[in-house]
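Scroll down for the structure; my scribbles are underneath it.
Proteins come first, then strands; the chains are lettered A, B, ... in the order of their sequence lines, and each starts at number 1. All values reported here derive from a predicted model rather than from experimental measurement. All values below were derived from every heavy atom in this structure, side-chain atoms included, with hydrogens, water molecules and symmetry-related copies excluded.
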Amino acid sequence: MQHRLGPALPWSEITPQRLYLARREFLAGVGATAFATLASGTALGAALTAKPGPFRADDKPTAKEAVTTYNNFYEFGVEKDEPAKNAGTLRTSPWSVVVEGACERPGSYALDDLIKPASLEERLYRHRCVEGWSMVIPWIGVPLASVLQAAGPTPGAKYVAFETLYDTAQMPGQTRRVLEWPYREGLRIDEAMHPLTLLAVGLYGETLPNQNGAPLRLVVPWKYGFKGIKSIVRIKLQDSQPRTAWNVSAPNEYGFYSNVNPDVDHPRWSQKTERRIGEFRRRDTLPFNGYGEQVAELYAGMDLRKFF
Amino acid sequence: MTRRTRDRIIYAVVWLACLSPLLCLVWWGLDDQLGANPINTGLRFLGLWGLRFLVAGLAITPLRGWFGWHGLQRYRRTIGLSGFAYIALHLLTYIGVDQFFDWQAIVKDVLKRPYITFGMLGFTLLLPLAITSTNAMVRRLGGRRWRQLHKLAYLIAPLGVLHYDLLVKSDTTWPWFYAGLLAALLGWRVWQARTRRVATRPVSA
């Protein structure tokens, strides 16, 4: 018997009280019509509509307050509470993404052209940070595969490289060289095309708050959280393994793959257990963050201690 | 106000100052202000204040030398013991709350994780200093031996900074700040010892 701890409705279909009260005022007003776009352009998220997607985790979603105030986003400071305080300087609208490299339709795409609002899905995913904590987050987005397919990968597309915005005025943390800027991440093409891999534009039924990587971020639920690059401006298909920020910073500590693996410790701490935010006791970390059934075959025959 | 009353008031203020980080932590904890990961926040807070008090304790002799603030001497024990108290709470939080008495995991951590090895070594060395902090113990050991023993603080504080530096993911600004402070405080002692040796060298030698 399966218990669903979260509501059967996706979060996107529950109207927060703040919004339905605001809606009454809005309807009483001038009657102007506003369509939500994927980037809210303000600190508050705009409501997003999404259909329920597959791979819904059976775990209880982590409180939205925690998801939006406990963030690693060094572009806005290295402490967990700093992104929520400092990310207001990021302008997410207009936003465009360069798609380039080994594909048939390279170009600079406006966010709403890259991700059609009608195709949005909600996915409840577990999120495991390399530091030993975890969350469960109702993301809204589209499979990365759909965006890559639209670009038309050519045979040279063996890897996908991603880059975050680099703008020290909007991202003041980039004036300090705690990492190599801009933040870079990458996936092997089969990882990128996997149906679990999501390009997210929202969470909890709203556009992404800036501190969570607005307006567009990667979510790869079987990998450590730092693989989920935020505020993406560039996606490049290429034939060589991309540079990735944490791997450049400490290659012996953060591998290119960085699959969640309780049997391969971080050199400085154990990965056996994790603290789920909002829970008291630690819980066991699962191989591939519990998505082994879906993704283990991608790594068949590979020594995951070597390719950590 | 008599001198006695004034001293007592100052003592109370020092005590309250040493206790105030703990009171803040308890208050924030009860008020749900420790963020999404309160256990980690509390753990880091206690460890950081332990280190701060150890460094403050080591600053007293140099401050006397630089500014002639000899009155600070009488608060050194309170400050040092506060450091011990925060570090003991830090360790207890790690064992009892963070790891929830998972002794197997704890032993493995101590043996395998350099930052925990160094932290645990620092705490172990701190224990005899806390135990011999009473007047009776000072008398029993004799001033000379007591002072020799308490020179362990010169090793314990750097172990604390090392413990801190090794657990930070990439921004080591603060560990380096404490390392710099310690270098100044310990460097001053080395310099003092050398000049004293030069001064006491027989002139004819």
Side-chain angles (χ1 to χ4, degrees), chain A residues 62-72 74 77-85 129-135 137 173 176-180 183 211 224-226 245-250 253-254 262 265-285, chain B residues 24-25 28-45 47-48 92-121 159 161-177:
Chain A
T62 303
K64 185 181 170 191
E65 166 81 10
V67 173
T68 57
T69 58
Y70 194 72
N71 310 100
N72 275 322
Y74 282 17
V78 297
E79 299 295 332
K80 302 278 186 299
D81 57 345
E82 285 182 312
K85 289 174 186 160
C129 179
V130 73
E131 295 165 2
W133 52 268
S134 63
M135 294 183 178
I137 304 172
R176 299 190 52 215
R177 295 204 50 89
V178 286
L179 286 172
E180 185 186 84
Y183 195 92
Q211 62 269 29
Y224 292 119
F226 67 85
W246 279 101
N247 181 247
V248 168
S249 152
E253 300 189 358
Y254 309 98
D265 288 342
H266 184 281
R268 289 184 282 146
W269 55 81
S270 165
Q271 298 291 25
K272 280 244 175 299
T273 61
E274 66 200 51
R275 171 159 295 109
R276 180 69 54 84
I277 296 301
E279 292 180 357
F280 179 69
R281 294 283 297 271
R282 288 180 162 270
R283 52 164 73 209
D284 288 340
T285 290
Chain B
C24 282
L25 183 68
W28 289 331
L30 294 174
D31 200 32
D32 198 16
Q33 282 192 46
L34 295 178
N37 197 347
I39 296 174
N40 199 262
T41 308
L43 191 60
R44 281 179 49 175
F45 181 94
L48 197 54
L92 288 174
T93 306
Y94 162 71
I95 293 173
V97 185
D98 183 53
Q99 298 292 330
F100 206 79
F101 306 104
D102 184 348
W103 296 106
Q104 208 185 335
I106 292 166
V107 168
K108 234 175 131 180
D109 265 357
V110 173
L111 297 178
K112 205 173 163 187
R113 317 283 161 206
Y115 85 92
I116 297 182
T117 314
F118 291 131
M120 206 59 104
L121 180 62
L159 281 170
V161 174
L162 193 60
H163 169 71
Y164 185 13
D165 181 72
L166 285 174
L167 69 87
V168 168
K169 236 165 82 189
S170 86
D171 181 16
T172 52
T173 312
W174 282 108
W176 279 104
F177 168 80

*Listed by chain and number, what are the side-chain contact (heavy atoms from CB on, under 4.5 Å) partners of E79(A), not counting sequence neighbours?*
D81(A), E82(A), R44(B)
*asked:* I'd like to check E131(A) versus N40(B) (side-chain heavy atoms, cut-off strictly below 4.5 Å). Are they in contact?
replied: no
_Sequence-distant partners of Y224(A), ring-ring contact (aromatic ring centres under 6.0 Å, His included), two or more places apart_ = none
*Heavy-atom pair count under 4.5 Å with chain B, highest-scoring of S249(A), A66(A), G132(A), S270(A)*: S270(A)
_If you compare all heavy atoms of D265(A) against all heavy atoms of R113(B), which two are closest, and at what distance to 0.1 Å?_
OD2-NH2, 2.6 Å
*asked:* At under 4.5 Å between heavy atoms, what parts of residues 28-36 of chain B are in contact with chain A? List them by residue number.
replied: A36(B)
*What part of V67(A) gets closer than 4.5 Å to chain B, counting heavy atoms only: side chain, backbone, both or neither?*
neither
_Reported CZ-to-NZ distance for the pair F226(A) and K169(B), which is rounded to 0.5 angstrom_ = 8.0 Å
*With a 4.5 angstrom heavy-atom cut-off, which part of R176(A) approaches chain B: side chain, backbone, both or neither?*
side chain
*Checking heavy atoms, do the side chain of I116(B), its backbone, both or neither come under 4.5 Å from chain A?*
neither
*Heavy-atom contacts under 4.5 Å, residues 99-108 of chain B to chain A*: Q99(B), F100(B), K108(B)
*Against chain A, label T173(B) side chain, backbone, both or neither, depending on which of its atoms sit under 4.5 Å from a heavy atom there.*
side chain
*Check whether R275(A) gets within reach of chain B through its side chain, its backbone, both or neither, counting any heavy atom under 4.5 Å.*
side chain
_Exam field: side chain R268(A) to backbone L166(B), donor-acceptor pair closer than 3.5 Å_ = yes
*Step through the shown structure and confirm whether more than 12 heavy atoms of other residues, nucleotides or ligands are within 6.0 Å of CH2 on W269(A).*
yes
_Per-residue contact mode, F280(A) against chain B (heavy atom under 4.5 angstrom)_ = both
*asked:* Heavy-atom cut-off 4.5 Å, strictly under: side chain, backbone, both or neither for W133(A) against chain B?
replied: side chain
*Please look at E65(A) and chain B and tell me whether the side chain, the backbone, both or neither of the residue comes under 4.5 angstrom of a heavy atom of that chain.*
neither
*asked:* Taking side chain as everything from C-beta outward and backbone as N, CA, C, O, which of these in N72(A) sits under 4.5 Å from a heavy atom of chain B? Side chain, backbone, both or neither.
replied: side chain
